[in-house]
Amino acid sequence: MNNFKELEQFQKPFQILLHTLTVGTSGAISAYRVLHRIQSKQSLHWRTFTETLCQPEPFLEGNEQKLSLQPLFYLLPVLVRRNLLSFLHLASSHVPKECLHRLISQLKKNPGTDLWEQKLIDVLEHDLEGGLGYSKSDLHSNRFQEQLKHISHKLMGNSDVCSDTEKRLGWYYKQQIISNGKSCESTEDNIALTQNSKKRKNVDDAALFEDDEQNITKKMKLDKEDVCLEPFVGREIQDTTANVGNVNPSHTLVQNKMGTGEVEQKVLPKIEEIVGLPEHIKSSVSTLRDIFEADSDKLETPEELNILNQCDPNQLEKLCLLLRLSELSEHQLPLACNKMISLPSDLSYSNATVLAQNLFLTRVLLLTEPASRFLMAAITLFYKKYPRPTCSALIGPLLQTPDIGNIQVELICRLVEDCIEPDYLTVTFRYVLFVTWSEEILSVVHILLERKVDLSCELFEQFIQKLSQQAGRFNNSVKYAKMVLATLTKYPTNITLVHKNMLFNVLVNHTTFLKKSLQVALKHINV
């Protein structure tokens, strides 16, 4: 997924959190876990974060493209906005109330058109007031009832046949009967049919709300349409936020009125109830956890692991959350990867990408010291079996991370130098052409050139264009000079007269001690 430019305005810890929110419907929960890891190492400046979200930015409004000022929040992609509000709901006990109050006030002054966002803002407001985060009376409001009727007519048409609509929205009619104190024998029969029908996929306990003082749990049952969303795993330099407008918010609304120490014990069991996984997958969670957390590596692969092949990518993403793969200790990682690559049948590209992302991405993003030999061994093991999914799930997202750190770059360079095969060096090289260059990214480009990555004429043309465009930013950069020198020495036959003139202009304003060496090398190239 391409990074949105607004990320650059936030401090780095919050850039990581916002980047995590882009992974799909599980973004809020993933960001909540990342939050705990970050807070264990450093404190977060929530006031600065919320002030940045509230700061006015120029915005072209409507079809007339009228210029107006809107909070920066509304310039974020729609998926990120929704996941961010759900994340703040989860993390409300960690965020100072005055910061939440300021954010809510600004968003209420400049309301957007997204009804989902408006409802999530109302939930945050309930959090501040000490409420349950959801008002049951809303279900019985006239406006809400009218909206449900309108939706049912759009889904089923203006049919006068009561039974068809009730079969579709049985839960809605059941609440109508309860609220009005009426009962209808035919309606009850249809509700029974709805509850027993195996043709409907229901999500039980879609929203769980827990009161701090009384620990009262209120459960709702919501019908949902199947939503096929591929998170940021199998897409190379593509944005997947465009098609998420119709996702049910119940996936991301999980109440966490609890202390930090209780999160691991209470939040995850509730997730098991709301993710909507088939029963045979949910029942395997405990066994799979034991398998992945075992310290011994048996010669035979447990049959229970075959379920990783039986899930579709969306189900596997949810299963990974329940298994807490991103939280496995590093010494367990190689064993877990060895079990996965030893499956009798190979994983699909999409499923292998989901696993690679959950095993490695968050862990690598949070590194504060060079990767351990356990982590490198695990990545190498998985890469040898599934090279392209590993590139898509790990290397691509890392290169697209704003302000990527030296530790992360060092890991990429070690993979490029020792692990990645020639065919996939080209895949990695394509990534660097579509990201903003920094001193850290230049190190990756340089090592790719030193490995003599195979570049087509078109790819080499794009690279020279990028090299020329970025020259002004790196006039004083030794890394940039080394990269140009590697280009001249490794690819002399690819350079045309046009390229030579472009490189000559690049070196005119260059100021490092390598300038003369570069000019001499360029002069010796015959075109």
Side-chain angles (χ1 to χ4, degrees), residues 1-5 234-239 387-388 390-392 394-402 404 409 412-413 415-417 419-512 514-527:
M1 176 179 298
N2 294 328
N3 291 309
F4 41 95
K5 60 183 180 180
R235 309 275 181 160
E236 295 181 12
I237 319 302
Q238 292 181 6
D239 191 346
R388 196 172 194 90
T390 306
C391 289
S392 298
L394 180 62
I395 296 178
L398 285 177
L399 289 172
Q400 295 173 48
T401 302
I404 183 173
V409 168
I412 295 174
C413 289
L415 292 175
V416 169
E417 192 170 16
C419 181
I420 299 181
E421 299 167 355
D423 289 346
Y424 297 102
L425 289 177
T426 305
V427 175
T428 304
F429 194 83
R430 289 183 185 275
Y431 285 122
V432 300
L433 294 182
F434 291 94
V435 299
T436 302
W437 280 3
S438 62
E439 287 285 334
E440 290 77 16
I441 297 295
L442 295 183
S443 300
V444 180
V445 181
H446 181 239
I447 199 167
L448 284 166
L449 296 173
E450 287 292 339
R451 279 210 60 184
K452 198 71 167 59
V453 57
D454 185 21
L455 300 180
S456 63
C457 294
E458 180 184 359
L459 203 56
F460 188 77
E461 176 71 28
Q462 294 176 13
F463 171 61
I464 295 297
Q465 291 284 350
K466 182 90 170 181
L467 199 69
S468 176
Q469 293 169 2
Q470 300 289 319
R473 298 178 53 220
F474 299 106
N475 283 332
N476 302 321
S477 171
V478 174
K479 287 184 180 179
Y480 182 85
K482 289 181 177 180
M483 184 181 65
V484 175
L485 187 59
T487 304
L488 297 176
T489 56
K490 298 292 183 179
Y491 300 90
T493 58
N494 295 60
I495 297 175
T496 65
L497 182 60
V498 175
H499 297 157
K500 189 171 182 179
N501 290 334
M502 292 174 68
L503 291 171
F504 177 82
N505 292 329
V506 163
L507 299 178
V508 167
N509 296 320
H510 199 73
T511 59
T512 69
L514 291 173
K515 179 176 180 177
K516 288 185 178 180
S517 299
L518 292 171
Q519 290 174 330
V520 170
L522 181 61
K523 185 177 180 180
H524 282 88
I525 292 178
N526 298 318
V527 293

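Here the closest non-hydrogen pair linking Ser392 and Pro397 is O-CD, 3.1 Å. Ser468 and Val506 get closest at one heavy-atom pair: CA-CG2, 3.8 Å. Closest approach of Leu459 and Arg430 over heavy atoms only: CD1-NH1, 3.7 Å. Nearest heavy atom pair, residue Leu433 against residue Gln462, reads CD1-OE1, 3.7 Å. For the residue pair His510 and Asn475, the shortest heavy atom distance occurs at ND1-O, 3.3 Å.
Summarising the local packing, CG of Asn501 is surrounded by more than 12 heavy atoms from other residues, nucleotides or ligands at distances under 6.0 Å.
For the side-chain hydrogen bond (donor to acceptor under 3.5 Å, both in side chains) test, no residue two or more places apart in sequence or in another chain qualifies with Asn494. Checked against side-chain hydrogen bond (donor to acceptor under 3.5 Å, both in side chains), Lys479 has the following partners two or more places apart in sequence or in another chain: Ser443. Residues satisfying the side-chain hydrogen bond (donor to acceptor under 3.5 Å, both in side chains) criterion with Glu417, sequence neighbours excluded, are absent altogether. Every salt bridge (Lys or Arg N to Asp or Glu O under 4.0 Å) that Glu450 has, sequence neighbours left out, goes to Lys490. Partners of Ser456 under the side-chain hydrogen bond (donor to acceptor under 3.5 Å, both in side chains) rule, at least two apart in sequence or in another chain, do not exist in this structure.
Inspection of the Thr511 and Asn476 side chains reveals an N or O donor paired with an N or O acceptor under 3.5 Å.
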Next on the checklist: I'd like to know whether Trp437 forms a side-chain contact (heavy atoms from CB on, under 4.5 Å) with Leu467, so could you lay out the CA-CA distance, the side-chain angles of the two residues, the decisive distance to 0.1 Å, and finally the verdict.
Outcome noted: CA-CA 10 Å; Trp437 280 3; Leu467 199 69; 4.1 Å; yes
Candidate pair Val453 and Thr428, rule side-chain contact (heavy atoms from CB on, under 4.5 Å), full reasoning:
CA-CA 9 Å; Val453 57; Thr428 304; over 6 Å; no
**Message:** What verdict does the side-chain contact (heavy atoms from CB on, under 4.5 Å) test give for Phe463 and Leu449, after you've listed the backbone C-alpha separation in whole Å, the side-chain angles of each residue and the deciding distance to 0.1 Å?
**Reply:** CA-CA 11 Å; Phe463 171 61; Leu449 296 173; 3.8 Å; yes
Test log, rule side-chain contact (heavy atoms from CB on, under 4.5 Å), inputs Tyr480 and Glu439
CA-CA 8 Å; Tyr480 182 85; Glu439 287 285 334; 5.9 Å; no
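Rounding to the nearest 0.5 Å gives a distance of 7.5 Å between CG of Leu503 and OG1 of Thr487. Interatomic distance, NZ of Lys482 versus OG of Ser477, reported as 9.5 Å (0.5 Å rounding). If you take OH on Tyr424 and CD1 on Ile395, they are separated by 11.5 Å, rounding to the nearest 0.5 Å. One distance of note links OG of Ser438 with CG of Leu399; it measures 9.5 Å at 0.5 Å rounding. Here the straight-line distance linking atom CD of Glu421 with atom OG1 of Thr426 works out to 12.0 Å at 0.5 Å rounding. Atom CG in Leu442 sits 13.5 Å away from atom CD1 in Ile447 (nearest 0.5 Å).
Between Thr390 and Leu415, every side-chain heavy-atom pair lies at or beyond the 4.5 Å cut-off. Looking at heavy atoms from C-beta onward, Thr436 lies in side-chain contact with Arg473 at the 4.5 angstrom threshold. Leu448 has its side chain within reach of Leu425: a pair of non-hydrogen atoms, C-beta onward, lies under 4.5 Å apart.
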Output side-chain donor-acceptor pairs under 3.5 Å for residues 516-527, partner residues at least two apart or in another chain, one line each.
{"from": "His524", "atom 1": "ND1", "to": "Val520", "atom 2": "O", "distance (Å)": "2.7"}

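Aromatic ring pairs are classed by plane angle as parallel below 30°, tilted from 30° to 60° and perpendicular above 60°; the pair Phe460 and His499 is perpendicular.
The backbone N or O of Val416 lies less than 3.5 Å from a partner atom in the side chain of Arg451, making a donor-acceptor pair.
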